[in-house]
Asks: 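I'd like to ask some things about the structure below.
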Amino acid sequence: MTPNPQAILADFAARLGGQIMPDLKTPYAMSSAGLMTAVLGMLAEQFDGAAANLVEENRAIRALFNEAAELTLPGDLGARIGQLSAGVDDDLRLSALQAANRGLRAALIDLHAWAEVEPAAKALNDAIWRELSMSTERRRVSSAPF
Amino acid sequence: MTQTTLTPDAIAAYIASRIPGARNVRVEGLSQIPGGASRQTFRFRLQYDGDDGPVDRKLIMRRDPPASLIDTERHIEYAAYHAFYDVPGVPVPRMLWLENDPAALDGAFFIAEEISGFESGPMAIIAEPYLSQASRLADRKWTILGEINRADPAALGLTEVMAVPAPDQCWRRELDHWEKIIDEDELEPQPIIRAAIRWLRANPPGPAQKISVVHGDYRTGNFLYDAQGEIHGILDWEMCHLGDPLEDLGWGLNRIWCWGGDERRGGLVPRESAIAIWEKASGLKADPADLHWWELFNCVKGQGIWISSAKAWDDGTNREPILAFSAWRMLNTQDRAALDLMERL
């Protein structure tokens with residue numbers, strides 16, 4: 001993968017925004033080029049760490065599921081959580097990691113809904129919130145207003 | 001999904017049909033302009049020979065795209081603009097024609113007079129020459145919102161075109177609406193916003209203190225301003241509805257609109273200053289607990305918008321760059337804003 005894809009995206013974003021956009025003739029074309037520049041820049045920023053972030057997040061959610069396994073979960077939820085906690089990310093393509101992530105986060109929603117009303121699951125509830133906060137750090141783009 | 005390219009001749013022919021006696025109707029300088037996340041926006045110059053001589057007007061057309069960031073009825077937006085045109089203190093462009101038949105120009109649309117020569121960009125407002133007018137702009141921004149929320153929807157004729165919710169049902173109607181959009185459009189699970197929805201349902205706000213006109217998208221970026229700190233036009237009424245006025249206040253206070261990356265709401269002034277201006281202008285109270293509910297609700301609403309934009313771009317319904325940009329930039333930001341309000345960031 002040479003030249004480096006991250007460098008290509010960042011450079012193309014800079015050229016589109018800095019050199020090409022000013023020569024465009026209409027406000028709409030300039031605005032569209034500006035938006036494309038911004039998206040390319042965000043893609044460049046996220047490219048290198050995308051797989052690592054998904055692996056880290058999937059591991060973190062599975063760790064929460066393992067923690068939950070020590071509690072008495074409702075039948076269906078318990079079985080689902082137990083099955084997902086045993087998963088492994090052996091396919092490192094982004095599409096495969098994202099598919100796994102979506103399955104894990106869907107189950108996390110159900111586990112969270114249970115944990116927040118279950119007194120015995122207070123520690124788990126807090127741990128889920130911490131992981132959700134961490135997940136926004138992993139996904140953060142530097143140009144975001146907040 | 002493609003849409004017919006608008007031509008000056010097609011627009012001129014349509015307008016000629018709407019102005020009896022107009023001769024030699026011409027459209028010049030037709031160009032699409034930014035701001036078309038929910039509608040495509042075009043600027044042009046209309047010229048014709050009328051009974052009293054030559055006419056030359058700068059106009060704006062807003063046409064429905066195949067799918068938009070915000071799916072709404074344009075007749076609602078048109079009615080809102082029309083209603084506020086004669087209200088002192090709420091500047092809006094004058095509406096001219098509404099066309100609901102998509103066959104006319106391959107998409108329903110309306111045409112209005114252009115308010116030209118002013119800035120609207122949200123990033124421009126945090127730099128000179130506007131930065132030094134931030135206090136004045138904030139006063140105008142939240143005073144105008146207060147005027148909108150203070151207005152009587154029935155006196156404006158808006159209760160004839162918009163549903164009137166019961167004061168204690170405003171929150172439920174809006175939350176149901178946006179949760180349904182998230183249910184239908186989400187491309188991936190949203191654990192943070194789902195947790196927010198659960199909290200909102202478990203802790204509803206008090207009844208609305210009045211049923212107000214809710215602009216629905218009142219924020220920096222949706223009004224026209226100048227370097228003297230004056231606001232000349234309130235735009236983008238496509239999400240206008242009747243409901244709790246705190247919904248509007250909460251939307252404008254959303255952290256996602258802190259364009260300067262600091263505490264200044266809308267890039268202008270701190271949260272408490274904005275609330276004080278709004279309370280004074282509207283004659284209404286921003287109960288802290290109720291406002292907190294509406295601020296968190298607006299994170300759900302925002303996420304509904306960004307999720308829908310991602311869906312429309314992803315399935316190819318609408319490939320406008322603004323949709324991909326909004327999704328990439330705002331989905332995570334909106335989550336962070338929700339976490340912040342729930343004191344979990």
Side-chain angles (χ1 to χ4, degrees), chain A residues 16 25-46 53-54 57 61 64 98-117 125-146, chain B residues 29-37 40-43 121-123 126 186-195 197-199 202 254-264 266-267 313 320-340 342-345:
Chain A
L16 180 60
K25 293 177 181 172
T26 68
Y28 177 74
M30 291 181 70
S31 172
S32 294
L35 292 166
M36 292 179 204
T37 299
V39 173
L40 287 173
M42 288 187 280
L43 293 174
E45 187 180 333
Q46 297 280 316
N53 282 339
L54 282 164
E57 186 161 302
I61 297 174
L64 288 170
Q98 275 195 309
N101 184 261
R102 287 168 183 170
L104 290 165
R105 278 164 67 95
L108 183 65
I109 290 172
D110 294 335
L111 180 64
H112 195 189
W114 172 81
E116 67 191 8
V117 295
N125 184 42
D126 290 342
I128 291 172
W129 279 116
R130 283 194 297 275
E131 165 50 26
L132 292 177
S133 179
M134 284 299 301
S135 76
T136 69
E137 288 295 334
R138 294 184 196 104
R139 289 167 165 77
R140 199 168 182 180
V141 292
S142 59
S143 62
F146 179 62
Chain B
L30 174 66
S31 66
Q32 188 168 359
I33 59 175
Q40 299 166 332
T41 308
F42 301 88
R43 168 191 289 150
M123 295 306 290
I126 57 173
E186 70 177 2
L187 298 173
E188 56 188 5
Q190 302 290 333
I192 294 170
I193 228 63
R194 295 294 180 184
I197 291 170
R198 291 194 300 273
W199 186 91
N254 201 315
R255 292 297 298 258
I256 62 171
W257 312 129
C258 288
W259 303 107
D262 53 26
E263 290 293 326
R264 291 172 298 159
W313 199 96
E320 284 291 320
I322 184 72
L323 299 178
F325 169 80
S326 298
W328 260 83
R329 193 170 192 225
M330 299 306 252
L331 276 166
N332 187 56
T333 310
Q334 194 67 80
D335 268 349
R336 292 178 60 79
L339 285 175
D340 185 49
M342 292 188 283
E343 299 181 341
R344 296 289 187 174
L345 188 61

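We name chains A, B, ... by the order of the sequence lines, and we start the count at 1 in each one. As a basis for the values below, the full set of heavy atoms in this structure was taken, side chains included, without hydrogen atoms, waters or symmetry mates.
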Asks: So which heavy atom on B:Asn332 is nearest to which on A:Thr136, and how close?
Replies: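 Nearest pair, atom of B:Asn332 first, then A:Thr136: ND2-O, 2.9 Å.
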
Asks: Taking atom CZ of A:Arg102 and atom CG of B:Leu187, what is their separation to the nearest 0.5 Å?
Replies: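 If we round to the nearest 0.5 Å, A:Arg102:CZ and B:Leu187:CG are 6.5 Å apart.
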
Asks: Among A:Ala106, A:Ser32, A:Ala113, which residue forms the greatest number of heavy-atom pairs with chain B at distances under 4.5 Å?
Replies: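 Among the listed options, the one with the most contacts to chain B is A:Ala113.
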
Asks: Please determine, among A:Leu108, A:Leu43, A:Asn101, A:Val141, the option with the most heavy-atom pairs under 4.5 Å with chain B.
Replies: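 Among the listed options, the one with the most contacts to chain B is A:Leu43.
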
Asks: Which answer fits B:Arg198, side chain, backbone, both or neither, if we ask what part of it has an atom under 4.5 Å from a heavy atom of chain A?
Replies: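 For B:Arg198, side-chain heavy atoms alone lie under 4.5 Å from chain A.
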
Asks: Taking atom CZ of A:Arg105 and atom CZ of B:Arg194, what is their separation to the nearest 0.5 Å?
Replies: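 Rounded to the nearest 0.5 Å, the CZ-CZ separation comes to 12.0 Å.
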
Asks: Rounded to the nearest 0.5 Å, how far apart are CD1 of B:Ile192 and CD1 of A:Ile109?
Replies: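 Answer for the CD1-CD1 pair, B:Ile192 versus A:Ile109, is 10.0 Å.
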
Asks: Contact between B:Pro321 and A:Val39 at the side-chain level, heavy atoms closer than 4.5 Å - yes or no?
Replies: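 Result no, sub-4.5 Å side-chain heavy-atom pair not found.
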
Asks: So does B:Trp313 have more than 12 non-hydrogen atoms from other groups sitting under 6.0 Å from CH2?
Replies: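 It does not: B:Trp313 CH2 has 12 such atoms or fewer within range.
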
Asks: Could you look at A:Gln46 and say if it's the side chain, the backbone, both or neither that has a heavy atom under 4.5 Å from chain B?
Replies: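 It is the side chain, since no backbone atom gets that close.
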
Asks: Quick one: pull up OH in A:Tyr28 and OG1 in B:Thr41 and give me the separation to the nearest 0.5 Å.
Replies: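 A:Tyr28 OH to B:Thr41 OG1: 10.0 Å, rounded to 0.5 Å.
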
Asks: Name the option with the most non-hydrogen atom pairs under 4.5 Å to chain A; the candidates are B:Asp262, B:Leu345, B:Asp335, B:Thr333.
Replies: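 Counting heavy-atom pairs under 4.5 Å, the top option is B:Thr333.
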
Asks: Could you tell me which portion of B:Leu331 (side chain, backbone, both or neither) has an atom closer than 4.5 angstrom to a non-hydrogen atom of chain A?
Replies: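 For B:Leu331, no heavy atom lies under 4.5 Å from chain A.
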
Asks: Which region of B:Leu339, side chain (C-beta onward) or backbone (N, CA, C, O), has a non-hydrogen atom less than 4.5 Å from a non-hydrogen atom of chain A, or is it both or neither?
Replies: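 For B:Leu339, the contact with chain A is made by the side chain alone.
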
Asks: For the CD1 atom of B:Ile33 and the CE atom of A:Met30, what is their distance to the nearest 0.5 Å?
Replies: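 Separation between the atoms: 14.0 Å.
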
Asks: Return yes if some donor-acceptor pair links the side-chain N/O of B:Arg329 with the main-chain N/O of A:Ser143 below 3.5 Å, else return no.
Replies: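 Present.
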
Asks: Roughly how far, to the nearest 0.5 Å, is OG1 of A:Thr37 from CZ of B:Phe325?
Replies: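 The distance works out to 10.5 Å.
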
